[in-house]
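Here's the structure, in structure tokens; my notes come after.
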Number of protein chains: 2
Amino acid sequence: MLDRLFGVLADPTRRRLIETLVQDGPRTATELAADFTISRQAIVKHLQVMADAGMVAAEREGRDVRYRATTECLADAVGWLLTTGPKWDRRLDRLSAATRRRSD
Amino acid sequence: MLDRLFGVLADPTRRRLIETLVQDGPRTATELAADFTISRQAIVKHLQVMADAGMVAAEREGRDVRYRATTECLADAVGWLLTTGPKWDRRLDRLSAATRRRSD
DNA sequence: TGGTTGTGCAACCAACCGGTTGCACAACAT
DNA sequence: ATGTTGTGCAACCGGTTGGTTGCACAACCA
């Protein structure tokens with residue numbers, strides 16, 4: 001799970017895809033491809049990897065497939081950073097403490 | 001930078017290496033190799049990638065090379081998560097707010 | 001000095017990855 | 001019914017990656 005999550009985050013194209021979906025809302029692969037230099041199929045491949053990691057969801061609308069950024073999927077990533085990080089970096093320690101204090 | 005950082009985090013062996021170094025303190029490659037099933041050279045390769053990402057530092061002591069987890073290297077990773085995440089997940093939004101409030 | 005132990009370097013391998021192209025098929029518009 | 005447009009699938013390609021083995025060399029120990 002963490003593997004796929006961080007794996008997605010490790011690729012700049014994938015980060016850009018996420019940012020786009022988060023800022024501009026759900027888009028289809030062909031729409032997204034217009035903003036990128038790579039082909040639609042390459043985009044689709046990325047989106048499938050991302051869907052596999054639980055970071056986007058594919059929703060069919062007639063002929064189109066609209067991809068939406070999935071919320072709450074970063075919990076594991078942040079979780080790992082905040083459990084391993086503190087012993088490591090005092091700044092993260094404070095951040096981790098802040099999380100515990102403000103969690104609901 | 002983010003690429004290499006998340007790239008390191010995406011590999012379970014590398015995460016285990018980090019956890020080991022963080023918890024048990026600096027270790028040499030041969031020492032580490034004893035706790036893993038893979039060869040020393042494989043460990044060294046991982047450590048080099050991690051050093052390249054600024055997550056560990058290699059320090060020579062006579063014949064040995066001791067690897068130490070580098071502090072403050074997660075700043076960029078956490079930074080990205082906390083800038084992109086908030087628009088995405090309300091829980092991260094609160095966390096981000098907490099960071100800004102408590103930063104020094 | 002000679003043996004032991006740790007590191008460094010290089011070659012090699014199979015598998016994976018990011019990307020491409022080509023084409024079939026499904027759905028919409030006219 | 002026909003043309004257009006979006007999706008899905010598969011093959012293919014070069015580069016990277018995680019791992020191996022073998023060996024040379026440097027440093028410590030006796």
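Sequence lines set the chain letters: A, B, ... in the order given, protein chains first and strands last, and positions in each chain run from 1. Bear in mind the structure is a predicted one, so any value in this text is a computation, not a measurement.
In this structure, A:Asp64 atom CG and D:dT4 atom C1' are separated by 13 Å, rounded to whole Å. In this entry the distance linking OH of A:Tyr67 with C1' of D:dT7 reads 8 Å, nearest Å. In this structure, the CG atom of A:Leu17 is 13 Å from the C1' atom of C:dG18, given to the nearest Å. Atom pair A:Gln48:CD and D:dC9:C1' shows a separation of 10 Å (rounding to whole Å applied). Between the P atom of C:dT7 and the CD1 atom of B:Ile43 lies a distance of 12 Å, rounded to the nearest Å. Following rounding to the nearest Å, B:Glu59 (CD) and C:dT7 (P) show an atom-to-atom distance of 14 Å. At whole-Å resolution of the value, CZ in A:Phe6 and C1' in D:dT17 are 19 Å apart. In this entry the distance linking CG of A:Asp11 with C1' of C:dG19 reads 11 Å, nearest Å.
Contact check for B:Arg4 versus B:Met50: no side-chain heavy atoms found under the 4.5 Å cut-off. Contact of the A:Thr13 side chain with the A:Phe36 side chain is registered, since non-hydrogen atoms from C-beta on lie closer than 4.5 Å.
The nearest heavy atom of DNA chain D to B:Arg40 and to B:Lys45 marks one nucleotide each, and the one closer to the 5' end goes with B:Lys45. With DNA chain C read from its 5' end, the first of the two nearest nucleotides for B:Arg63 and A:Gly7 is the one closest to B:Arg63.
For C:dC17, the OP1/OP2 oxygens have no side-chain nitrogen or oxygen of A:His46 closer than 4.0 Å. For D:dG18, one of the phosphate oxygens OP1 or OP2 lies less than 4.0 angstrom from a side-chain nitrogen or oxygen of B:Arg14. Considering only side-chain N and O atoms, B:Thr28 lies nowhere under 4.0 angstrom from the phosphate OP1 or OP2 of C:dG6.
Contacts of B:Arg60 with the nucleic acid, taken as non-hydrogen atoms under 4.0 Å apart, involve only primed sugar atoms and P, OP1 or OP2. Residue B:Ser39 is in base contact, counting any heavy-atom pair closer than 4.0 Å across all strands shown.
When the options B:Val56, B:Ile38, B:Val8, B:Leu32 are evaluated for a side-chain contact (heavy atoms from CB on, under 4.5 Å) with B:His46, the one that passes is B:Ile38.
Taking the six-membered ring where the residue is Trp, A:Phe6 and B:Phe6 present parallel rings, their angle staying beneath 30° rather than reaching 60°.
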Q: Take B:Arg40 and B:Thr30 through the test side chain to side chain contact (heavy atoms under 4.5 Å, CB included) and record every step on the way to the result.
A: CA-CA 6 Å; B:Arg40 170 188 64 95; B:Thr30 29; 3.2 Å; yes

Q.
Show, in sequence, the C-alpha distance, side-chain angles and deciding distance for B:Leu21 and B:Arg68, and conclude whether the side chain to side chain contact (heavy atoms under 4.5 Å, CB included) test is met.
A. CA-CA 6 Å; B:Leu21 290 180; B:Arg68 181 176 47 83; over 6 Å; no

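Rounded to 10°, the helix from C:dT1-D:dA30 to C:dT30-D:dA1 has 20° between the axis fitted to its first five pairs and the one fitted to its last five.
For C:dG22, the base has a donor-acceptor partner in the side chain of A:Gln41 [N/O atoms by modelled type, under 3.5 angstrom].
Under 4.0 Å is where a charged nitrogen must lie from a carboxylate oxygen, and between A:Asp35 and A:Arg16 no such pair does.
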